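First the structure, in the form of structure tokens, and then the observations on it.
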Amino acid sequence: MRCDRRRAAALLGLFLSFASIVESSENPVLVYKKKYIMGTVFEIAAYSRSSEEASFAIEKAFQDIVRIDDLMSNYKPESALSHLNRSAHFHPETVQSDLYRVIEQAVQFSKLSGGKFDITIAPLANLWKAALSGDSLPSPAQRQQAQACVGYEKITLTPPDQITFQSPCLELDLGAIGKGYAVDRAVETLHSLGIRNAFINAGGSTIAAMGSPPGQAAWPVHLRDPSHKLHPHVMLTNATLSTSEQSAPSLLGRDSAGHIIDAATGKPLRTQFAVSVIAPTATMSDGLSTTLLLLGPIEGKVLVNRTPNVSAIWLSPTAQIEMASHGPQILFGRKM
């Protein structure tokens, strides 16, 4: 999953435009803050009766996101996920409820996608990350060895809080779903503190819209458009949006690495599409956007069509469109 800087800038403009509207009225007050967490910039704009109330709620939401990052980061050796990756091989490990829940939901996406979405991709992902850092490209033998470690069915979940890895080299990477889960926790925190209308932007790749701005029916949000011709957008209220696309080719040559790895081939996914998904929760939209990118539009539309309250769009640089919808309508054109 990747942040589109132009889209993130447009979202900042959206915040500022609504701020100018609210400043001319007595109530409610809009407060906007941003913080660097999980390797990206999280932005939160929230309406409340006072700036103090909104600021307090936003800071608490940021604290919750930091807490989730401390649990689920595989870049932090002291995180709960890193500890699990070191200690759960053929041994039940008790984990915190948030970590158990996100792994449980990730396994469901694996089942829905026939294994295309798989958080046990870490051994393969680590090979390609090393290549991006300057190592040689993984050899067929290295890829085969790493692929033997991958497989969501090797995770044993024992409710309410125990996880066992049925492989000596299994390792989890929550990069395709953890950010969405963090956004959901931030939404819960804001709601618990009395915030009903807010907008959360996690680096441009995952967005949550609570309620709507005063006097508006919904939050207008542009979708990722590699063609720059179609101007897709959606009116979001009490819903989330996530976008996935393969990272741009590096200078490593024909087999240059992208950040989304196809477990079936052991190589970075090759696709022309960017996929945007609208769903009730950010965990769902985040997980589904990667899942649908890996599946492609033919198989992906089948999955969307049997999933309530979900809409998805695949867009290419040549303006090719593939869509499926059981949820909010995706619109086109410059007017919003």
Side-chain angles (χ1 to χ4, degrees), residues 37-38 60-123 125 149-193 200 202 206 208 210 238 240 242 263 279-291 303 306-310:
I37 319 171
M38 302 182 86
K60 287 295 184 181
F62 281 144
Q63 289 174 22
D64 224 19
I65 296 168
V66 169
R67 180 181 64 81
I68 295 300
D69 187 35
D70 288 342
L71 279 176
M72 301 183 186
S73 172
N74 58 352
Y75 290 95
K76 298 178 179 181
E78 71 279 9
S79 74
L81 178 64
S82 293
H83 176 77
L84 183 69
N85 281 335
R86 292 191 298 265
S87 62
H89 304 94
F90 304 108
H91 172 76
E93 190 70 28
T94 301
V95 300
Q96 295 186 39
S97 60
D98 283 303
L99 186 57
Y100 187 91
R101 287 168 61 190
V102 74
I103 292 172
E104 184 178 44
Q105 291 180 64
V107 169
Q108 290 303 313
F109 286 120
S110 294
K111 292 177 180 178
L112 286 171
S113 64
K116 276 288 189 179
F117 181 93
D118 198 330
I119 57 171
T120 69
I121 198 70
C149 301
V150 175
Y152 75 93
E153 68 281 354
K154 299 171 187 175
I155 302 172
T156 298
L157 297 168
T158 306
D161 58 5
Q162 289 194 328
I163 296 175
T164 308
F165 296 163
Q166 305 297 342
S167 165
C169 53
L170 193 73
E171 186 177 343
L172 307 185
D173 185 334
L174 297 174
I177 196 170
K179 191 188 297 183
Y181 188 88
V183 169
D184 283 336
R185 299 291 72 75
V187 168
E188 287 184 2
T189 297
L190 291 173
H191 196 272
S192 71
L193 294 172
I200 302 172
T206 295
M210 298 172 61
N238 298 321
T240 71
S242 292
T281 71
T283 305
M284 178 179 285
S285 65
D286 196 9
L288 275 178
S289 65
T290 303
T291 300
L303 176 56
R306 64 171 190 258
T307 307
N309 303 315
V310 169

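The structure displayed is predicted, hence computed values, not measured ones.
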What is the minimum heavy-atom distance between [X] and [Y], and which atoms define it?
| X | Y | value |
| --- | --- | --- |
| Glu171 | Pro123 | O-CD, 3.9 Å |
| Ala182 | Ile68 | CB-CG2, 3.9 Å |
| Ala208 | Val187 | CB-CG2, 3.8 Å |
| Thr240 | Pro280 | CG2-O, 3.9 Å |

Mind checking the [atom1]-[atom2] spacing from [X] to [Y]? Nearest 0.5 Å is all I need.
| X | Y | atom1 | atom2 | value |
| --- | --- | --- | --- | --- |
| Ile177 | Met72 | CD1 | CE | 9.0 Å |
| Ile155 | Ile103 | CD1 | CD1 | 6.5 Å |
| Arg67 | Ile37 | CZ | CD1 | 12.0 Å |
| Leu170 | Thr120 | CG | OG1 | 5.5 Å |
| Thr281 | Asn238 | OG1 | CG | 13.0 Å |
| Leu288 | Thr307 | CG | OG1 | 6.0 Å |

Applying ring-ring contact (aromatic ring centres under 6.0 Å, His included) to Tyr181 and not counting sequence neighbours gives none

Is the count of non-hydrogen atoms from other residues, nucleotides or ligands lying under 6.0 Å from [X] atom [atom1] greater than 12?
| X | atom1 | answer |
| --- | --- | --- |
| Gln96 | CD | no |
| Tyr75 | OH | no |
| Lys111 | NZ | no |
| Lys154 | NZ | yes |

side-chain contact (heavy atoms from CB on, under 4.5 Å) between Thr164 and His91, intermediate numbers included: CA-CA 6 Å; Thr164 308; His91 172 76; 5.6 Å; no

- Task: Go through the steps to decide whether Tyr152 and Ile119 satisfy the test side-chain contact (heavy atoms from CB on, under 4.5 Å), and finish with yes or no.
- Result: CA-CA 7 Å; Tyr152 75 93; Ile119 57 171; 5.9 Å; no

Next on the checklist: Can you see whether Ser285 engages Ser242 through a side-chain donor-acceptor pair at a distance of less than 3.5 angstrom?
Outcome noted: yes

Under a plain distance cut-off of 3.5 Å, with no hydrogens placed, do Ser113 and Thr291 share a side-chain donor-acceptor pair? no

Polar side-chain atom of [X] near backbone of [Y] as donor-acceptor pair, under 3.5 Å:
| X | Y | value |
| --- | --- | --- |
| Thr206 | Ala202 | no |
| Ser73 | Asp70 | no |
| Arg185 | Ala61 | no |
| Asp286 | Gly180 | yes |
| Ser110 | Phe117 | yes |
| Asp161 | Ser97 | no |
| Asp184 | Ala282 | yes |

- Message: One thing to verify: whether Glu104 and Arg101 come together as a salt bridge, which I'm taking to mean a side-chain N less than 4.0 angstrom from a carboxylate O.
- Response: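 Glu104 and Arg101: not salt-bridged.
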
Gln166 meets the side chain to side chain donor-acceptor pair (under 3.5 Å) criterion, sequence neighbours left out, with Thr156

Applying side-chain contact (heavy atoms from CB on, under 4.5 Å), run through Val102 and Leu71 and close with a yes or a no.
-> CA-CA 11 Å; Val102 74; Leu71 279 176; over 6 Å; no

Can you check whether [X] reaches [Y] side chain to side chain, under 4.5 Å on heavy atoms?
| X | Y | answer |
| --- | --- | --- |
| Lys76 | Asp69 | yes |
| Pro168 | Phe90 | yes |
| Phe165 | Asn85 | yes |
| Val95 | Gln162 | no |

Review point. What do the steps show when you test Asn74 against Leu172 for side-chain contact (heavy atoms from CB on, under 4.5 Å), and what is the final call?
Key: CA-CA 8 Å; Asn74 58 352; Leu172 307 185; over 6 Å; no

List the steps, then state whether side chain to side chain donor-acceptor pair (under 3.5 Å) holds for Glu93 with His83. CA-CA 9 Å; Glu93 190 70 28; His83 176 77; 3.0 Å; yes

*Stepwise side chain to side chain donor-acceptor pair (under 3.5 Å) check, Ser192 with Thr189*: CA-CA 5 Å; Ser192 71; Thr189 297; 5.3 Å; no

